2 protein chains.
Amino acid sequence: MSPTRKSAKRELPVLNDDPRSWEFRAAVAMLRLQGRLERCLSDGLAAHGLTLAQFDVLMTLCHGDGITQQELAEWLLVTKANVVGLIDRVEAAGWVERRADPDDRRVKRLYLTNAGRKLARKAQPGQHTLIQRIFGRLSEAELRQLHGMLVRLEKACSEGG
Amino acid sequence: MSPTRKSAKRELPVLNDDPRSWEFRAAVAMLRLQGRLERCLSDGLAAHGLTLAQFDVLMTLCHGDGITQQELAEWLLVTKANVVGLIDRVEAAGWVERRADPDDRRVKRLYLTNAGRKLARKAQPGQHTLIQRIFGRLSEAELRQLHGMLVRLEKACSEGG
DNA sequence: TATTGTTATACTCTATAACTATA
DNA sequence: TATAGTTATAGAGTATAACAATA
């Protein structure tokens, strides 16, 4: 955690205490957790010179080398134009490379370099430790429930979104 | 949803199927949901000319008018320098105003203008509808459980972060 | 000395539109 | 015509450091 970014000391108006629906309270708690979680994980990645988005790219390619930029854009839920800049950066860093597709000369397929794979493996343990420390507060039964709920919620997001 | 940002059609390597710990699977599902959720809610706010961060400011001030910029920074988990830009924008839009603190001439306290309060009230129903549509997939019992777990996870983030 | 807010600078991520080269 | 990737442009958010005014 950077020195200028401290955690709140004083109690501020807590939205969670509102007399609102449980849907709303859960959503607010989700958004607040999102901010915290993102920052926790980002701080852990900064030591490796990685942003969360870049780590996301590495992890995606770790599990599915050779996808196209368009597919990565759909997976990350960003536009293909965004993927260009994202890949430009990780390619400049030497972690990912674009290779022409022999069958369709329009497409470029993305592959991890050895350095990228190595970095992914190096950065993962720290992320795992953080995740263990945070999510380890819940029992395995709770984690299973949570996982199920999150998957259903994501499905709801995708369908109507 | 913008026309160039489509939802994924093809099945891509799904990290959730990894033979990993439930902590990890839950975390991955959480991060994916949070990305989706952010985009859903952002898209809903764009119609009102608001970003999620700006709506967050309005909602915070709705429930706690008169906080200082430093307090807002701690609440939003960003640096005070970031708050300057954030408030510059919502102040320029006429939704928030800075007022000098009579007791401490260093601090500036933040207040919603009438326009800001009106906008917050106008933008809220759409957000509520979205939240209802997504989180309404879960039963009230599940939502209570989820809420409890999210609060515990956020606490875990804050403590060790 | 410490704190509040500010300015200055730079980088990442994102959205949009127009463009190219292929198909 | 449609698609994959690119370029160009703009704006928002963030991190960092140095600064002014005040306590």
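Predicted model only: the values in this text are computed from it and were never measured. Chain naming here is simple, since letters A, B, ... match the order of the sequence lines and numbering starts at 1 in each.
Of the side-chain N and O atoms in A/Arg39, one or more sit less than 4.0 angstrom from OP1 or OP2 of D/dT14. The side chain of A/Arg106 places no N or O atom within less than 4.0 Å of a non-bridging phosphate oxygen (OP1 or OP2) of C/dA23. Distances shorter than 4.0 Å separate none of the side-chain N or O atoms of A/Thr51 from OP1 or OP2 on C/dC11.
The side chain of B/Arg89 approaches D/dG13 more closely than any other nucleotide in the set D/dG13, D/dG5, C/dT14. Closest to the side chain of B/Arg98, from the set D/dA8, C/dT6, D/dA4, is C/dT6. Of the candidates D/dT22, D/dT14, C/dA23, D/dT22 carries the atom nearest the B/Arg105 side chain, counting heavy atoms from C-beta on.
Judged by distance alone, with hydrogens and angles left aside, the side-chain atoms of A/Arg152 form a donor-acceptor pair with the main-chain N or O of B/Arg137 at under 3.5 Å.
Considering OG1 of A/Thr68 and CZ of A/Arg106, their distance stands at 10.5 Å, rounded to 0.5 Å.
Screening B/Lys155, B/Met30, B/Met149 for a side chain to side chain contact (heavy atoms under 4.5 Å, CB included) involving A/Leu33 leaves a single residue, B/Met30.
Rounded to an integer number of Å, the gap from CG of A/Leu45 to C1' of D/dT14 is 16 Å. Between A/Leu110 atom CG and D/dA4 atom P there is a gap of 13 Å when expressed in whole angstrom units. Atom P of nucleotide D/dA12 and atom CD of B/Glu38 are separated by 16 Å, given to the nearest angstrom. Taking atom CD on A/Gln69 and atom C1' on D/dT7, their separation rounds to 13 Å, with Å as the unit. Rounding to whole angstrom units, CG of residue A/Leu50 and P of C/dC11 are separated by 17 Å. The separation between A/Glu91 atom CD and D/dG5 atom P is 13 Å, rounded to whole Å. In this entry the distance linking CG of B/Asp101 with P of C/dG5 reads 9 Å, nearest Å. Computed from coordinates, the B/Asn82 CG to C/dC13 P distance equals 16 Å when rounded to whole Å.
Scanning all heavy atoms of the two residues, the minimum distance from A/His147 to B/Ala29 falls at CD2-CB, 3.9 Å.
Looking at heavy-atom distances under 4.0 Å, B/Val84 makes contact with a base. Residue contacts shown for A/Asp104 are limited to sugar-phosphate atoms, with no base heavy atom under 4.0 Å away.
Nearest-nucleotide positions on DNA chain C place A/Ala53 closer to the 5' end than the other of A/Asp103 and A/Ala53. Nucleotides of DNA chain D nearest to B/Pro102 and B/Ala81 differ in position, and the one nearer the 5' end is that of B/Ala81. Looking at which nucleotide of DNA chain C each of A/Gln54 and B/Asp88 is closest to, the 5′-most match is held by B/Asp88.
Between the side chains of A/Arg109 and A/Gln69, no donor N or O sits under 3.5 Å from an acceptor N or O.
A donor-acceptor contact under 3.5 Å is formed by the side chain of B/Lys80 with the base of C/dG5.
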